[in-house]
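See structure below.
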Amino acid sequence: MSRDASNREQFRPHGHESEHFLLTTVVGSYPKPKWLNRSKELAEDDESKFDDEDLEEAYDDAARVITHEHENAGLDTVVDGEMRREEMVEYFAHRIPGYEFNGPVKVWGHNYFDKPSVASEVEYDEPWLVDEFEFTSNVAEKPVKVPITGPYTLARWSFNEAYDTEADLAYDLADLVNEEVEKLVEAGARYVQIDEPALATTPDDHAIVGECLERIVDGIPEEVRIGLHVCYGDYSRIYPEINDYPIDEFDVELCNGGYEQIDVFTDPEFEPDLALGVVDVHTAEVESVEEIKENILEGLKVVPPEKLTVSPDCGVKLLPREVAYQKMENMVTAAREVEAELDAGEIDLDVPTPQAD
């Protein structure tokens, strides 16, 4: 039950050389410049003259640099690399009345997560991302995509101390996300990605996520592209149910698994557009253009070219910055070469491509 996925064409670059068009994008996060991390340390140092105003300027500079880095790599749609965000749940919990923080929680090994608690009914107060989107749009020449942590993940990765069920909390959060998307649309946003990594670990809750998405898109114009990103997991446990989701695009992490699950999406027919991860974000080895082209062909087993989006598997923030850039640059080159080969009739879409090793 996808929306009007023809909204994809608005992201075709002016003067695009090929008749075919594979939309290229990123999932969201990107390595932060080292000087931004140092700026945050200085802002927290009471003996430093570096204050919050200076830190805001540093965030602006970092967002500007990474947005331009995405454009230089040739991406069709860009983000600011989530320069202002440290953690995908914490960032939003700080902006939602009803949440509170009681200190870090040990999650694995020596790693800690400042897991928030929902102490009272959640509410929408001030916009969460509109200022960020407007800044990025003003410095970007390409369309800007807005990643938002989804309500199911916001509920699942928090302590629930206020609602009868986690699902009830997720539905209220979905209503808040709907308000935020409305504000973003008013500001000019046309591409919104909902991130639901928690669904990969609890796939039996796919119906809850579906209801959340129904609430999120309520009243949102069809020309606004809505994507859903779910990190690596057993996709067979949420397919074909995702065909009923009111989304334009489903973003999957399959490169890391060697596309072992690609056939999951071939029967029954895949209905939304497919955003396929074609570079592995878990390795610092940069895939060659030829390797990425083979990965792109895996996506053409599932959808025709006009329904294929090309992206990294997930956020690239843990990679060295130069590696992240090289992966994106090679990814865009590969997509453009596949487009040209499709135009020339050198790729026979009726012949199944060989399964990746």
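None of these values were measured; they are calculated from a predicted model.
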Testing the 3.5 Å rule here: is there a donor-acceptor pair between the side chains of [X] and [Y]?
| X | Y | answer |
| --- | --- | --- |
| Y191 | E249 | yes |
| D205 | Y152 | yes |
| D195 | Q193 | yes |
| T165 | D168 | yes |
| Y171 | E211 | no |
| H20 | D343 | yes |
| T25 | S311 | no |
| D218 | N178 | no |

Least distance between heavy atoms, [X] atom then [Y] atom:
| X | Y | value |
| --- | --- | --- |
| P304 | L300 | C-CD2, 4.1 Å |
| A200 | C231 | CB-O, 3.4 Å |
| V122 | Y163 | N-OH, 3.1 Å |
| S18 | A340 | OG-N, 3.9 Å |
| E298 | L276 | C-CD2, 4.4 Å |
| E269 | N243 | O-ND2, 3.1 Å |

- [ ] List the steps, then state whether salt bridge (charged side-chain N to carboxylate O under 4.0 Å, His left out) holds for R336 with D76.
- [x] CA-CA 11 Å; R336 302 290 92 104; D76 300 313; 3.2 Å; yes
Which value, rounded to the nearest 0.5 Å, describes the distance between [X] atom [atom1] and [Y] atom [atom2]?
| X | Y | atom1 | atom2 | value |
| --- | --- | --- | --- | --- |
| H206 | D244 | NE2 | CG | 9.5 Å |
| L254 | Q261 | CG | CD | 6.0 Å |
| M88 | K317 | CE | NZ | 8.0 Å |
| S236 | D263 | OG | CG | 12.0 Å |
| E100 | S117 | CD | OG | 6.0 Å |
| I238 | T202 | CD1 | OG1 | 10.0 Å |

Open item on the list: Ring centres under 6.0 Å, that's the criterion: do Y99 and H94 meet it?
Closed with: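 Distance test on ring centres: not under 6.0 Å, no.
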Taking [X] first and then [Y], would you say they form a salt bridge - that is, a charged N and a carboxylate O separated by under 4.0 Å?
| X | Y | answer |
| --- | --- | --- |
| E82 | K32 | no |
| R215 | D175 | yes |
| R237 | D204 | yes |
| R95 | D125 | no |
| K183 | E186 | no |
| D60 | R84 | yes |
| D80 | K145 | no |
| R12 | E9 | yes |
| E69 | R321 | yes |

Open item on the list: The test is side-chain contact (heavy atoms from CB on, under 4.5 Å); show your working for K40 and N37 and say whether it passes.
Closed with: CA-CA 5 Å; K40 286 184 284 189; N37 295 325; 3.6 Å; yes
[X] and [Y]: same hydrophobic cluster, using ILVMFWY side-chain contacts below 4.5 Å?
| X | Y | result |
| --- | --- | --- |
| V27 | V79 | no |
| V279 | V289 | no |
| F11 | L274 | no |
| M328 | V65 | yes |
| V278 | L318 | no |

More than 12 heavy atoms from other groups under 6.0 Å of [atom1] on [X]:
| X | atom1 | value |
| --- | --- | --- |
| D45 | CG | yes |
| E161 | CD | yes |
| E41 | CD | yes |

- [ ] Decide yes or no for H16 and F21: does some side-chain heavy atom of the first lie under 4.5 Å from some side-chain heavy atom of the second?
- [x]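 Side chain of H16 against side chain of F21, heavy atoms only: contact under 4.5 Å found.
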- [ ] Determine whether I66 and P31 make a side-chain contact, defined as any pair of heavy atoms from C-beta on separated by less than 4.5 Å.
- [x]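 In short, these two side chains do not touch, never coming nearer than 4.5 Å.
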For the pair [X] (side chain) and [Y] (backbone), establish whether a donor and an acceptor sit closer than 3.5 Å, ignoring hydrogens and angles.
| X | Y | result |
| --- | --- | --- |
| E166 | N160 | no |
| E196 | A198 | no |
| H68 | V139 | yes |
| K307 | E271 | yes |
| E57 | D54 | no |
| T153 | T149 | no |

TODO: Output every pair passing ring pair (Phe, Tyr, Trp, His ring centres under 6.0 Å) with a member in residues 322-346, not counting sequence neighbours, ordered by first then second residue.
DONE: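 The answer is none; no pair qualifies.
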TODO: Show your working on side-chain contact (heavy atoms from CB on, under 4.5 Å) between L228 and L213 and close with a plain yes or no.
DONE: CA-CA 9 Å; L228 173 68; L213 290 165; 4.1 Å; yes
Students often mix this up, so state it plainly: with edges at 30° and 60°, are the rings of [X] and [Y] parallel, tilted or perpendicular?
| X | Y | result |
| --- | --- | --- |
| Y239 | F265 | perpendicular |
| Y235 | Y232 | perpendicular |
| F270 | F250 | tilted |

Task: Derivation of the salt bridge (charged side-chain N to carboxylate O under 4.0 Å, His left out) call for E90 and R85 - done: CA-CA 9 Å; E90 182 182 330; R85 311 185 200 182; over 6 Å; no
Task: Residues V146, L129; criterion side-chain contact (heavy atoms from CB on, under 4.5 Å); working and verdict - done: CA-CA 8 Å; V146 184; L129 301 171; 3.8 Å; yes
- [ ] Mind running side-chain contact (heavy atoms from CB on, under 4.5 Å) on V338 and I347 for me, showing each step along the way?
- [x] CA-CA 8 Å; V338 170; I347 298 174; 3.9 Å; yes
Task: Option passing side-chain hydrogen bond (donor to acceptor under 3.5 Å, both in side chains) with R225 (candidates N7, T77, D248) - done: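 That would be N7.
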Task: Test salt bridge (charged side-chain N to carboxylate O under 4.0 Å, His left out) applied to K293 and E339, E346, E287, E337, the passing residue - done: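 That would be E337.
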